[in-house]
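Accompanying notes for the structure given below.
Model, not experiment: these values are computed from the prediction. In this chain, residues are counted from 1 in sequence order. Read the numbers this way: they start at 1 and go in the same order the structure lists the ligands and their atoms.
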Amino acid sequence: MKTIIANFKMNPSSIEEAKQLLELYKQEGKKNQNVDLIVAPPFLYLSIAKQFNLELAAQNCFYEDQGAFTGEISPLMLKDLGVHYVIIGHSERRQLGETNEMISKKIQAVLRNHLIPILCVGETQQERKEGKTQEVLKIQLEQALLPNKDYLLQAEKIFIAYEPVWAIGTGDFCDPREASETMEFIKNVIVSHFDIRISNLIMIYGGSVDSKNIDNFLKQVEINGVLVGGASIKKEELVKILAIANSY
Ligand code: 13P
């Protein structure tokens with residue numbers, strides 16, 4: 001069974017459209033029961049999404065449980081709502097100034113509240129050109145996870161999403177075999193540092209996944225699933241993506 005995580009990002013722009021999209025996910029989720037489907041709408045639509053009986057992820061969260069933090073959403077609130085997953089360290093958030101230190105604190109807050117983190121890592125085009133991919137990934141993983149060793153030991157599951165920054169929203173997806181090799185590297189970094197059971201580590205690829213290329217990603221044994229951005233809010237695409245994933 002493979003995992004599909006639908007990251008709506010900052011879409012759609014009305015509650016009505018969000019409801020239509022969520023209704024389609026509900027229907028397609030029922031049709032394709034051999035898919036671990038996780039939907040990540042904007043915070044504002046999470047409580048609406050709850051009514052559609054979908055497994056939900058938040059796209060971010062803060063690292064404190066409550067207090068004077070204007071504009072932030074805590075993992076405690078997400079948990080109370082029935083959200084089980086939180087995407088942490090997405091490159092679009094890193095570009096807005098989120099540091100590895102903040103990401104590490106967020107991972108801790110998520111694990112402390114017994115939620116499941118989806119940690120995103122990935123190199124930029126420049127870093128890739130300079131042959132620094134592995135070095136960058138290792139730093140991102142170590143800085144996010146090392147301070148949380150104790151929490152990780154007790155974690156039910158953690159998801160690592162390899163999302164090369166140059167592949168996000170560009171149509172220029174990573175070669176699936178190359179992605180798979182990089183994900184094996186990521187797995188080795190984690191296993192070398194942590195006493196984590198491999199079965200608790202879920203490896204996800206993200207970056208320009210669509211109905212045409214998804215099959216080649218899901219074919220790779222190292223790849224447990226995909227994180228879909230742009231295609232996740234296109235109705236025809238999401239129907240095809242879930243049908244293909246259902247055959248694994
Ligand atoms: P795209 O699928 O639009 O490239 O986005 C990927 C992504 O960032 C998922 O989190």
Can I get a per-line list of side-chain donor-acceptor pairs under 3.5 Å for residues 44-51, giving both atom names and the distance, sequence neighbours left out?
residue : atom : partner : partner atom : Å
Y45     : OH   : P12     : O            : 2.9
Y45     : OH   : S14     : N            : 3.4
K50     : NZ   : G82     : O            : 3.4

Any donor-acceptor N or O pair under 3.5 Å, side chains Q143, S104: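 No - no donor-acceptor pair under 3.5 Å links their side chains.
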
Check: D215/Y248 side-chain N/O donor and acceptor closer than 3.5 Å: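 Y248 and D215 do have a side-chain donor-acceptor pair below 3.5 Å.
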
Discussion item. The test is side chain to side chain donor-acceptor pair (under 3.5 Å); show your working for N100 and R94 and say whether it passes.
Written reply: CA-CA 8 Å; N100 283 323; R94 292 180 192 257; 2.8 Å; yes

N or O contacts of ligand 1 with protein under 3.5 Å, please list pair by pair.
residue  : atom   : partner : partner atom : Å
ligand 1 : 2 (O)  : G229    : N            : 2.9
ligand 1 : 3 (O)  : G230    : N            : 2.8
ligand 1 : 4 (O)  : G169    : N            : 2.6
ligand 1 : 4 (O)  : S208    : N            : 2.7
ligand 1 : 5 (O)  : K9      : NZ           : 3.0
ligand 1 : 8 (O)  : K9      : NZ           : 2.8
ligand 1 : 8 (O)  : H90     : NE2          : 2.7
ligand 1 : 10 (O) : N7      : ND2          : 3.0
ligand 1 : 10 (O) : H90     : NE2          : 2.9
ligand 1 : 10 (O) : E163    : OE1          : 3.3
ligand 1 : 10 (O) : E163    : OE2          : 3.0

request  = For the pair F62 and F69, name the ring-plane relationship: parallel under 30°, tilted 30 to 60°, perpendicular over 60°.
outcome  =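 Rings of F62 and F69: tilted, 30 to 60°.
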
Open item on the list: Check this for me: does any side-chain nitrogen of one of E184 and K187 sit under 4.0 Å from a carboxylate oxygen of the other?
Closed with: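 K187 and E184: not salt-bridged.
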
